[in-house]
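The sequence lines fix the lettering, A, B, ..., with proteins before strands; numbering per chain opens at 1. Note that these values count all heavy atoms, side chains included, but never hydrogens, waters or copies made by symmetry.
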There are 2 protein chains.
Amino acid sequence: MSRTAIATKKVTIRDVARLAEVSYGTVSRYLNGNEHVSTDAARRIAKAIEESHYTPNKAARSLAQQRTSTVAFIVQVESIATLLQASTAAAMAEANQTLGDAGYQMVTLIANSEDSTQRIAQLVQSDFADGYLLFSLSEDDSLINIFRTAHRPVVLSEASDRSTAVSYPAVDFANADGQCSITRYLLDQGKIRLAYVCGPGYSPSSSKRLHGFKQAMGAYFDDSHVYYADDWEIASGEMAAVEFQPMLHDLDGIVCANDNIAIGVINQLRRFGYRVPEDIAVTGFDDSPIATMMDPKLTTVRQDSWLHGRVMSQLLLRMLHGEVVDHQTVKLLPTEIVTRQSA
Amino acid sequence: MSRTAIATKKVTIRDVARLAEVSYGTVSRYLNGNEHVSTDAARRIAKAIEESHYTPNKAARSLAQQRTSTVAFIVQVESIATLLQASTAAAMAEANQTLGDAGYQMVTLIANSEDSTQRIAQLVQSDFADGYLLFSLSEDDSLINIFRTAHRPVVLSEASDRSTAVSYPAVDFANADGQCSITRYLLDQGKIRLAYVCGPGYSPSSSKRLHGFKQAMGAYFDDSHVYYADDWEIASGEMAAVEFQPMLHDLDGIVCANDNIAIGVINQLRRFGYRVPEDIAVTGFDDSPIATMMDPKLTTVRQDSWLHGRVMSQLLLRMLHGEVVDHQTVKLLPTEIVTRQSA
DNA sequence: CTGTTAGCGCGTTCAC
DNA sequence: GTGAACGCGCTAACAG
């Protein structure tokens, strides 16, 4: 009972004022770094805060200054399992970190159903966050429109190719460049008879990567050598290899839209009796953790997902600080080819 | 300009009241499901809300009713990379989902430094969330104490072995049971000369798993056959195998504290020329995604991380609904041994 | 059943 | 430099 007054009730700004013998208006000024506070008062207030263990109430502060110090990270995925992918998790973690260091809390919202999308739209309308990070793996427009009425900054995780009514600044990887580079890497080795396994059609990244491949192939490009997968998973890679079977003996390599697909392709190729990379070279995209766990280790295009999350939030932070950023702004993050064993 | 009144200014509850021709107190009652609203008024209010696109302001509501409809998921990790682990990511995703369905937003807080821990403590004091999920992979007490003054429900992700001053309900896996079972599985095959690779000492799960191993081994347990790793990573498994090298030819199997370590052990064993499982059987723990990607596929103890996140949040939700839960409550989630190729 | 009113805790003019 | 008062948008308790 001799402990420092077991504060059973909430201590408010008034309590602090009383303790410091000033009006609570002064305390408020002190808290918000206003110039007009005598050093003497400041000292007393600091002491009072210390003693009373005062912490400003977040809701009240939000209400008064119309800011929440919260940023929403909205992930749009078909399956919630996507959140386990290293690229998503890394971007989320780093965004969280960056925003946290800047004094913002990050709330993660998952849009994977009608219901959840509806809930999120409601939330956005209720002004519960100061800004939004839209991490979308599909190009579904339903979500992008909920920000129209909330006049708050938004940053997208992918550059949209088609021009929608509304647009926001985006941070994306140089997908085309990456795929182009790794294709050239194969070509330079004389492996010119190449096939391509494309990612799902709904994904912008998917088409950009295909575009990079086309670019590198130039006149050699042959659409009959492209398999269009329905998703980014291993199984799709296996199906692709099956599809390619008739022409396999005429192929020098297979360029894949991502690592998972590449793994599937390699697995199936092996079952068909082909050696990788001796008979057929295979490349991936992402440089996900499994790329180095495979045998052979994957030659792939590396993209830094941590960087993705960081740059997205840095851009958002600048907007939150009042900087005006053109809606059309697109920051392209570099990719890098990592040569290992599979090609 | 003929559009439905381009609402440039925030529409408040008063606007709705005016439109519906009732006092805003009535609108508030309507919004909060209060009985005492005539069906006629209700209809008019509903219409007004519809037309005005009204959405209650979250901060104001939080301030008035002293609830935020927010839950904080606090992850305590040494390295932020831990967030990439499937078990962590899955628990987070499922908790998010479960809480979201119940109308709560989940904000993720990462405690990985002095600074961040300090920030989080501040936040908790500022009453910014209604409840807390503490997902801790270490048994650092610094965080557990920040909830003392915030009189809000807390659920832990691990049962603490040592009795701390404060304690909260916890949801954990039957770690000991799992490791005990899989060890018995080996013993039953006549593989009785077993070594153990233990996880890092700071982790309760780590010691619980070791305990399960001891339990199964009974009198056969020999501490010189235990390697104590510093972390949960692949490299530690490799080091363990190196350490065990002199006794390898006398071993039937190696039980590992988790999948990563098991993979490291297998890799190193191969380099030494041992076949798995023919010469030496190896088991993991977690059943992480890589367990099936390895060759040989890992025989391991499966734990459902999604379930972990779900049960934790369900428990928290019940507490948020007013149910009183004993601080000492520990819900143990079942584990299951999955036999594949490595043992 | 409904209108009125007093807070919730804090920011922000204003005079002084 | 400082205090008083009002407002943020909404809830809840109280009359009526």
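- In this structure, the side chains of H308(A) and V171(A) come closer than 4.5 Å at one or more pairs of heavy atoms.
- Nucleotide dG1(D) holds its C1' atom 17 Å from the CD atom of E21(A), rounded to whole Å.
- Between V155(B) and L134(B) the shortest side-chain heavy-atom distance does not fall below 4.5 Å.
- Annotation: E78(B), atom CD; neighbour count of heavy atoms from other residues, nucleotides and ligands within 6.0 Å is above 12.
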Nucleotide by nucleotide, nucleotides 8-16 of chain D touches protein heavy atoms under 4.0 Å in the pattern (B base, S sugar-phosphate only, - none) BBBBBB---
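- With respect to the salt-bridge test (charged N to carboxylate O, under 4.0 angstrom), the residues D40(B) and R44(B) qualify.
- The ring-ring contact (aromatic ring centres under 6.0 Å, His included) check on F128(A) picks up nothing, with sequence neighbours excluded.
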